[in-house]
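Here is the structure we will look at, set down as structure tokens.
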Amino acid sequence: MKVMTALFGPTDAIERSRLLREAGAGGVFTFEGPHDVFTPLTLASTVGGLDLLTNVAIAFPRNPIQLAHQAYDLQLLAQGRFTLGLGTQVRAQVEKRYGAAFDRPVARMKEMVGALRAIFAAWQTGERLNFRGEYFRHTLMTPTFNPGPNPYGPPPIYLGALGPRLTRATAEVADGLLVMPFGSKRFLHEVTLPAVRDGLAAAGRDESDFAVVPEIIVSVDSGSSDDPHAATRRLLAFYGSTPAYKPVLDVHGWGELQPELNAMSKQGRWQEMATLIDDEMLHTIAACGSPAEIAAHVRDRVAGVSDRICLYQPGPIEIDALAEIVTALAV
């Protein structure tokens with residue numbers, strides 16, 4: 001099983017990538033947090049031997065041409081091992097933090113993928129760029145701005161999705177699905193995979209042409225505090241406060257917790273919120289415990305679904321612990 005794990009910023013991206021590779025990781029990813037999502041991967045590309053993934057770059061504040069250039073260059077630097085992962089984020093973040101439009105996010109995301117494919121095709125084949133959509137229009141590509149064919153081909157496009165509509169659309173137009181880390185085995189099999197199959201059928205695509213990459217929150221029990229999973233409880237409380245993640249809680253009968261967490265978040269009661277994440281919820285959504293226990297949780301959740309996973313953590317995982325998890329997953 002190929003294991004990918006996170007880089008948390010540019011300052012130690014090269015050294016950490018080396019250490020992660022030596023620990024057995026097959027790749028590294030970045031997320032749209034306090035740092036730029038592309039810069040650490042540019043640095044990590046100098047290490048070599050690792051798959052690189054944006055997990056995810058927020059799509060709507062960016063223009064397809066801008067994204068295409070960044071993705072094309074990283075594909076070149078990574079020698080064909082880069083994947084462009086895109087996500088919608090939620091309305092409040094896109095409109096209030098980025099100042100961008102969020103209306104009709106599923107249709108907008110499908111069109112962005114189409115625009116990217118048209119741009120890549122123009123660069124790869126020299127065909128005239130003539131993309132005319134509702135949200136994006138690209139009809140000019142003069143030689144000065146055309147990088148020409150990428151020797152490794154255009155990078156694959158994966159989309160992060162949770163709800164059935166976007167998950168179905170992802171299976172229709174993208175190369176792969178990044179399964180959101182706030183999830184569970186039950187949600188994966190009862191909600192996500194049926195939506196994937198519907199989307200593939202609608203587009204006349206085969207399952208072998210589409211990748212499903214589960215992301216799983218991990219929390220290693222170091223025994224160094226009264227609650228070694230306190231940071232993970234805070235992370236789950238943050239996710240759980242967001243209306244978009246309520247369907248995951250609903251599947252397990254925990255849906256009433258979401259508006260309570262949401263109300264507390266608006267009052268700034270972040271520490272208190274974590275106390276509402278009990279052990280059952282913690283161990284259902286996150287893989288917790290020793291490296292062997294984490295590996296067992298991961299294998300059980302993704303069996304028959306994927307041979308590639310992304311390990312998501314509240315903070316940088318210890319290299320020795322990661323090496324033990326990778327070794328346990330290889331058994």
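Residue numbers count from 1 along this sequence. Every value quoted in this text rests on a predicted model; they were computed, and no experiment measured them.
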Answer yes or no: is there a donor N or O on one side and an acceptor on the other, between the side chain of [X] and the main chain of [Y], under 3.5 Å?
X: Arg205; Y: Gly199; result: no
X: Arg269; Y: Ala263; result: no
X: Arg108; Y: Phe102; result: no
X: Arg301; Y: Ile285; result: yes
X: Ser241; Y: Phe238; result: yes
X: Gln258; Y: Leu249; result: no
X: Ser306; Y: Arg308; result: yes
X: Thr125; Y: Ala122; result: no
X: Glu215; Y: Ile309; result: no

Does [X] pair with [Y] as a salt bridge, N-O distance under 4.0 Å?
X: Lys2; Y: Asp307; answer: no
X: Lys246; Y: Asp250; answer: yes
X: Glu134; Y: Arg104; answer: yes
X: Asp198; Y: Arg165; answer: no

Just so I know, are the side chains of [X] and [Y] near enough to count as touching, which here means a heavy-atom distance under 4.5 Å?
X: Ser17; Y: Leu7; value: yes
X: Arg234; Y: Met273; value: no
X: Leu67; Y: Met112; value: yes
X: Ile217; Y: Pro181; value: yes
X: Met109; Y: Phe60; value: yes
X: Glu280; Y: Trp254; value: yes
X: Tyr158; Y: Asp175; value: yes
X: Val113; Y: Leu159; value: yes

Go through the steps to decide whether Thr284 and His252 satisfy the test side chain to side chain donor-acceptor pair (under 3.5 Å), and finish with yes or no. CA-CA 9 Å; Thr284 297; His252 295 277; 5.3 Å; no
All pairs passing side-chain hydrogen bond (donor to acceptor under 3.5 Å, both in side chains) where residues 58-68 contributes a residue, at least two apart: Glu32-Arg62
Rounded to the nearest 0.5 Å, what separation is found between the [atom1] atom of [X] and the [atom2] atom of [Y]?
X: Asp278; Y: Leu276; atom1: CG; atom2: CG; result: 9.0 Å
X: Ile294; Y: Ser219; atom1: CD1; atom2: OG; result: 7.0 Å
X: Ile65; Y: Gln70; atom1: CD1; atom2: CD; result: 12.0 Å
X: Glu207; Y: Arg197; atom1: CD; atom2: CZ; result: 6.5 Å
X: Cys310; Y: Asp51; atom1: SG; atom2: CG; result: 10.0 Å
X: Leu236; Y: Arg233; atom1: CG; atom2: CZ; result: 8.5 Å

Sequence-distant partners of Asp12, side-chain contact (heavy atoms from CB on, under 4.5 Å), two or more places apart: Arg16
Do the rings of Phe131 and His138 sit parallel, tilted or perpendicular, given the 30° and 60° boundaries? tilted
Audit row: His297, Glu293, side-chain contact (heavy atoms from CB on, under 4.5 Å) steps and yes/no: CA-CA 6 Å; His297 178 120; Glu293 289 170 329; over 6 Å; no
Given the rule that I, L, V, M, F, W and Y join up when any side-chain heavy atoms are under 4.5 Å apart, are [X] and [Y] in one cluster?
X: Phe145; Y: Leu129; answer: yes
X: Val251; Y: Met180; answer: yes
X: Val248; Y: Leu178; answer: yes
X: Val106; Y: Leu200; answer: no
X: Leu53; Y: Val56; answer: yes

Closest heavy-atom pair and its distance - [X], [Y]:
X: Tyr98; Y: Pro61; value: CG-CG, 3.4 Å
X: Ala237; Y: Leu261; value: O-CD1, 3.9 Å
X: Ile14; Y: Leu43; value: CG1-O, 3.5 Å
X: Leu41; Y: Thr30; value: CD1-OG1, 3.6 Å
X: Val47; Y: Leu50; value: CG1-CD1, 4.4 Å
X: Ser45; Y: Ala78; value: CB-N, 4.3 Å

In terms of heavy-atom contacts, does CZ of Phe8 have more than 12 from other residues, nucleotides or ligands at under 6.0 Å? yes
Contacts of Glu15 meeting salt bridge (Lys or Arg N to Asp or Glu O under 4.0 Å) (sequence neighbours excluded), chain-then-number -> Arg18
Modelled atom types, side-chain donor and acceptor of Asn150 and Gln124, under 3.5 Å: no
Residue pair Thr5 / Gln313, side-chain donor-acceptor N/O under 3.5 Å: yes
Should Leu329 and Val298 be marked as a side-chain contact (heavy atoms from CB on, under 4.5 Å) after you check the CA-CA gap, both sets of side-chain angles, and the distance that decides it? CA-CA 8 Å; Leu329 285 170; Val298 170; 3.9 Å; yes
Verdict with supporting geometry, Val179 and Thr167, side-chain contact (heavy atoms from CB on, under 4.5 Å): CA-CA 9 Å; Val179 181; Thr167 300; over 6 Å; no
Of Thr54, Ile58, Leu116, which is the lone residue that meets side chain to side chain contact (heavy atoms under 4.5 Å, CB included) with Leu86? Leu116
Tyr72: ring pair (Phe, Tyr, Trp, His ring centres under 6.0 Å) partners, not counting sequence neighbours: Phe120, Trp123
Worked check of side-chain contact (heavy atoms from CB on, under 4.5 Å) between Leu74 and Thr42: CA-CA 7 Å; Leu74 269 167; Thr42 301; 3.8 Å; yes
Please write out which residues are connected to Leu76 in a hydrophobic cluster, directly or through intermediates, given that two of Ile, Leu, Val, Met, Phe, Trp, Tyr count as joined at side-chain heavy-atom separations below 4.5 angstrom. Tyr152
Does anything in residues 166-222 form a ring pair (Phe, Tyr, Trp, His ring centres under 6.0 Å)? List the pairs, not counting sequence neighbours. Phe182-Tyr239, Phe182-Tyr245
